[in-house]
Number of protein chains: 2
Amino acid sequence: MMSTMETELVGKQTSVTIARANPTVIIGERINPTGRKRLAAELVAGNIGYVKREAMRQVEQGADVIDVNVGAAGVDEVALLPMAVQAVAEVVDVPISIDTANPVALEAALKVCPGRPLVNSVNGEDRSLSAILPLVAQYKVPVIGLLMDDEGIPATAERRLEVARKIIARAKSLGIAPADIVFDCLALTVSTSHEAALITLDTIRRVVAEIGSNVVLGSSNVSFGLPDRGMINSAFVTLAIAAGMTATISNPEHMKQPVLATDLVLGKDEWAMRYITYFRSKPKPSE
Amino acid sequence: MMSTMETELVGKQTSVTIARANPTVIIGERINPTGRKRLAAELVAGNIGYVKREAMRQVEQGADVIDVNVGAAGVDEVALLPMAVQAVAEVVDVPISIDTANPVALEAALKVCPGRPLVNSVNGEDRSLSAILPLVAQYKVPVIGLLMDDEGIPATAERRLEVARKIIARAKSLGIAPADIVFDCLALTVSTSHEAALITLDTIRRVVAEIGSNVVLGSSNVSFGLPDRGMINSAFVTLAIAAGMTATISNPEHMKQPVLATDLVLGKDEWAMRYITYFRSKPKPSE
């Protein structure tokens, strides 16, 4: 059964409710120096103008939430992450996703972030659970739970569900509600394992049926190493939404329209109002 | 359960097996004068050079089967359909889908068509069943069964299933095997009914679960009246393949890549061989 669990995010001016009955939420992924040399260089230089421009552009392109990750070699995350979060909150009204594995940087960012941000992320490793969940409880914010643990990413849906149950149990012991945990079911690349996406889709369906939580995914790993990746990512996101995914960490420039089209086909966009509105105001592609 | 029912089509040199375990079959839709003034004018003039070029181009673009429809005002289908079918068979080796509601034209085309073509189509109306199924039985060919009857297209999946059962029963009484009926579950436009696609997807799942036959769909009705239709059609085809659709009547120029991407994500393309092969030999867009 589709659940009615709701995860509430609040930004400076607007809020977003991740829920199965609502349109699919897009968390803009582009403020992340991994594989982006220019952003990494700007961050190392302490220049956050680029971060602000990326935040604004992603909102124009349809991002509902902005993910902020400043982890790069040579960057002092503890100093820079709160600065970047504040900079993003200065220029956009939407909720922020604070993306770090460093609990000290996380707390520094939580202290200055307006509204009710999403924490990205905790996983099933004991070290991660012990470091991240107390902050999630203290600041009463929702968190993404990655379905992996000390042994890496489990190969089967059943083992990923076990990690989900472990995270839920630890969260519960700290007073964190299941509705405040959004599970990332983890997508591996189909070029190395032709069943990779099927296992992820099966994991989504089981999280929805057995736990009822919201589900998030990064959409681009699935096509790693293949040509014309956008088409593969779109097909995967479409199938993931049908399976019960309620938010995607994506580049809105490429993924907004496939997400809107899928919501439309799945009956989540009466009279095609959101699709048509987007089409009418469609921004120009990035330079 | 996914069935193992197989529908075998044979062309002049190559054969195609529609089956759930196989890649999704693309039936090229472009030889159809509906809404295509130039093709209609060529057909009225009895000129089939254009038909030949469209057949060749669709095969280059990835069509596995070529649909041939010459029904237009001013065209003598009984004379022209067999001529067009022969012309297509001259220039391409793949199986042909003979697309007409006129039983006299159908028989004339069946007499000259090489291999084992697909008949497109019969529906649940008594007049259609009586006119088309005896020819299907006599020529031992497979047929598309449209899930509509004298009252039009049923609004619910349950009523569409009733039409399917009626067609199966009539076919059986003439010795036609269920594997030789491919059901078209009919896609209506989402702009006028936000549940239109959901009903079609539900019908596909029920045909697969309760009858086990192969399922075909036209992919483009779903987006009628909306902008940027390709994205909507792609999302719908992806969901339909996941629901159990095994063939699509589409424009291969636009639909080959989404179909290959979906087959890849659904584990039907080990090592991404088909996807990569297509990408390497990708044809130029039509003029």
Side-chain angles (χ1 to χ4, degrees), chain A residues 24 187-202 205 219 222-243 254-282, chain B residues 24 187-202 205 219 222-243 254-282:
Chain A
T24 305
L188 300 177
T189 169
V190 289
S191 65
T192 53
S193 162
H194 73 288
E195 291 194 319
L198 292 176
I199 291 166
T200 302
L201 295 170
D202 191 29
R205 280 186 286 264
S219 62
V222 74
S223 62
F224 189 77
L226 290 168
D228 260 15
R229 295 177 61 177
M231 196 67 84
I232 301 170
N233 296 345
S234 293
F236 179 63
V237 161
T238 295
L239 295 169
I241 293 171
H254 302 139
M255 212 42 74
K256 184 69 175 182
Q257 203 175 350
V259 164
L260 285 172
T262 304
D263 281 353
L264 172 61
V265 170
L266 289 174
K268 290 180 165 196
D269 186 8
E270 207 163 353
W271 309 115
M273 290 306 291
R274 297 180 74 242
Y275 188 83
I276 291 168
T277 303
Y278 170 78
F279 180 78
R280 286 193 176 144
S281 64
K282 198 155 78 166
Chain B
T24 305
L188 300 176
T189 170
V190 289
S191 65
T192 54
S193 162
H194 72 288
E195 289 194 320
L198 292 177
I199 291 166
T200 302
L201 295 171
D202 191 29
R205 279 186 285 265
S219 61
V222 74
S223 61
F224 190 76
L226 290 168
D228 259 14
R229 297 177 61 179
M231 196 67 83
I232 302 170
N233 296 345
S234 293
F236 180 62
V237 161
T238 295
L239 295 169
I241 293 172
H254 302 139
M255 212 42 75
K256 184 70 176 182
Q257 204 175 348
V259 164
L260 285 174
T262 304
D263 281 353
L264 172 61
V265 170
L266 288 174
K268 290 180 166 199
D269 186 7
E270 205 163 352
W271 308 114
M273 289 306 291
R274 296 180 75 242
Y275 188 84
I276 292 169
T277 303
Y278 171 79
F279 179 79
R280 287 194 175 144
S281 64
K282 200 155 77 165

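Below, read A as the first sequence line, B as the second, and so on, with proteins coming before strands; counting in each chain starts at 1. All values below come from the heavy atoms of this structure, side chains included, with hydrogens, waters and symmetry mates left out.
Contact of B:E195 with chain A is not made at all, since no heavy-atom distance falls under 4.5 Å. Interface remark: A:A272 contributes side-chain atoms only to the contact with chain B (heavy atom separation under 4.5 Å). Neither the backbone nor the side chain of A:S193 comes within contact range of chain B, judged by heavy atoms closer than 4.5 Å. Of the atoms belonging to A:L226, it is side-chain heavy atoms, and not backbone ones, that fall under 4.5 Å from chain B. If you measure heavy-atom distances from B:T200 to chain A, you find no contacts under 4.5 Å at all. Contact annotation for B:F279: only side-chain heavy atoms (C-beta onward) come within less than 4.5 Å of a heavy atom of chain A.
Per-residue counts of heavy-atom pairs under 4.5 Å with chain B were compared for A:L198, A:V190, A:T192; the largest is that of A:L198. Comparing A:V222, A:L239, A:T262 by how many heavy-atom pairs each has under 4.5 Å with chain B, the most go to A:L239. Top candidate by heavy-atom pairs under 4.5 Å with chain B, chosen from A:A197, A:S223, A:G267, is A:G267.
Formation of a donor-acceptor pair under 3.5 Å by the A:Y275 side chain with backbone atoms of B:D228 is found in this model. A:S191 contributes a side-chain N or O that, together with a main-chain N or O of A:F224, makes up a donor-acceptor pair within less than 3.5 Å. B:D269 contributes a side-chain N or O that, together with a main-chain N or O of B:R274, makes up a donor-acceptor pair within less than 3.5 Å.
With hydrogens and angles left out, the side-chain atoms of B:N233 and B:S219 include no donor and acceptor closer than 3.5 Å.
Residues B:M231 and A:A261 come closest through the heavy atom pair O-CB, 3.7 Å. Listed here is the closest heavy atom pair of B:I232 and B:P227: CD1-O, 4.1 Å.
With contacts defined as side-chain heavy-atom distances shorter than 4.5 Å, the pair A:T24/A:K268 qualifies.
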